[in-house]
Amino acid sequence: MANPLFDTLFAPLEGSPRPLLVLADGRVISADAFFRLTARLAHALAAEGVKPGDRVAVQIAKSPEALAVYGATVGLGAVFLPLNPAYTETEVDYFLGDATPSVFLADPARETALRPVADRHGARLLTLGADGQGSLTEYAAGLPETFSPLARAPGDLAAILYTSGTTGRSKGAMLSHDNLLSNARVLAGLWRFTEADILLHALPIFHTHGLFVASNISLLTGGQMIFLPGFDLDQVFAALPAATAMMGVPTFYTRMLDDPRLTRDLVGHMRLFVSGSAPLLAESHLAFEARTGKRILERYGMTETNMNTSNPYDGDRRAGTVGFPLPGVELRIMANGKPVAGEEVGVIEVRGPNVFLGYWQMPEKTREDLREDGWFITGDLGQRDADGYVTIVGRAKDMIISGGFNVYPKEVEEVLDAQPGVQESAVIGLPHPDFGEAVFAVIARQRGAEVDPDALRAAVAARLARFKHPKGYAVVDALPRNTMGKVQKAALRKTYGTRFTA
Ligand code: AMP
């Protein structure tokens, strides 16, 4: 095969008049129209100098054009590198410096702010807005609507997705054509996707869930997507009657449950609801079933590995568990260097064609997490019951997942620690009814100093994406420490635990 991902997901769209994307305003984009758009964009990117192996970094709103940029990039043999639109200029500066893309695609509204960043790292800046307008689509207008992809091997890079590190520095997870295709094939089969499916797609497409799990499966199986710009309850409730399946993060389901419009009648025709990216409380799973008669299917995965486990399609979908390892994926639970006995808790390791190639230009980090024999150390704590169901117990590294997005405490702490009057800080995740977890900061003030939480908020807002901002602050004289001098975050979580739920 010349270009595994393009040939499998995008090439079959050419010439097909069937609907592919249905947009929030009712517009329908046929498979063929989408292919032609992808072809034009590929020619435009090639004219801008994109060559096989080059990174194409994008920080743009979700749109049909944005999805087509993914296809165009892959078709050129280049590496798709999506970034959260919430990232600030300082954050983008790091990503462009690390990944050195040949093209950086940004929102037209941020062109002036981001141009110096792109220039600094030698990336050509192009624009694309949520409405599909920008210099990229201008350049693409009138270019050829046929396209022959450039050859790639299954093991070649197709995408880099950044996942933060506990040190506060993001790591670029390198994903190959085969990593992505093998996972999409397994999930499509397991979850019974066919061309008859209409997937309600309200997830962002800069993250593995919306980009790979949702879009790749749908493209692979020839189905349709109701392609919403984001998760908006009115749009979701309006779209549900026409859909057959939906994928979401737990927050989607808790928000739907909080709305009286979620009824058995509304979703009676739906064949599948999938949840993942963060733990779905057993309570939410049961409440959803009680209200709608549908059992959400929970799965577990991560940027580096694609999906690893899933509850069964037929059979018992157990609330609070993430089911069984996917076909072709090995999973073991390790403690003290060996697999645990019985149902003991340990660190989950996985191996299979889904597991990434390593971290971009970080061979040491790669060696730390990816063993030579292919086992990847996920950093998640889990256990497996006698029936083989896996449960995620916690995160070994204290990562916070707020609204489905990862927040690494250290990155926020570093900003807070630098503020006047702050001795040190501890950032923790606290249970939150809407976001799953909310970021919360405990500030130890310098002796005799005053700390102004408004000044902290302003400092954080200037440096970090909104989803990383603490939703609450507590100011104390000193942080609790154990005898080894480590801050006891567990104690802090206990003290402030009901801050957002009480
Ligand atoms: P990301 O790389 O952003 O996809 O985040 C991956 C992390 O999200 C995993 O390592 C888990 O800690 C967490 N995660 C993903 N799915 C689940 C799930 N179903 N239940 C609990 N945690 C999950």
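Quick caveat: nothing in here was measured; it's all calculated off a predicted structure. One is the number of the first residue; the rest follow in order along the sequence. Start at 1 and go down the list; that is how both ligands and their atoms are numbered.
With a 4.0 Å cut-off on non-hydrogen atoms, L280 does not touch ligand 1 at all. With a 4.0 Å cut-off on non-hydrogen atoms, A278 touches ligand 1 through its backbone and not its side chain. Only the side chain of E298 comes within 4.0 Å of ligand 1, counting heavy atoms alone; its backbone N, CA, C and O stay farther away.
Checked against a 6.0 Å centroid threshold, the rings of F356 and F376 count as neighbours. Ring-centre distance between Y473 and F440: not below the 6.0 Å cut-off. You'll find the ring centres of F405 and F206 inside the 6.0 Å limit.
Ligand 1 lies less than 4.0 angstrom from a heavy atom belonging to R299. Taking 4.0 Å as the cut-off, V322 counts as a neighbour of ligand 1 on heavy-atom distance. Under a 4.0 angstrom heavy-atom cut-off, D380 registers as being in contact with ligand 1.
Scanning all heavy atoms of the two residues, the minimum distance from N216 to A184 falls at CB-CB, 4.0 Å.
Note on ring orientation: taking the six-membered ring where Trp is involved, the planes of F34 and F10 are parallel (angle under 30°, cut-offs 30° and 60°).
Within the listing of ligand 1, atoms 1 (P), 3 (O), 4 (O) sit less than 4.0 angstrom from a heavy atom of H207. Applying the 4.0 Å criterion to heavy atoms of I401 picks out, from ligand 1, the atoms 8 (O), 13 (C). The atoms of ligand 1 that sit less than 4.0 Å from any heavy atom of T303 are 1 (P), 2 (O), 3 (O), 4 (O).
Nearest to atom 6 (C) of ligand 1 by heavy atom, out of E304, M307, M302, is M302. Taking each of G301, P250, G276 in turn, the one with a heavy atom nearest to atom 15 (C) of ligand 1 proves to be G301.
A side-chain donor-acceptor contact under 3.5 Å links T366 to the backbone of Y359. For the pair R271 (side chain) and A245 (backbone), a donor-acceptor distance under 3.5 Å is absent.
For N84 and H207, the side-chain atoms include no donor-acceptor pair closer than 3.5 Å.
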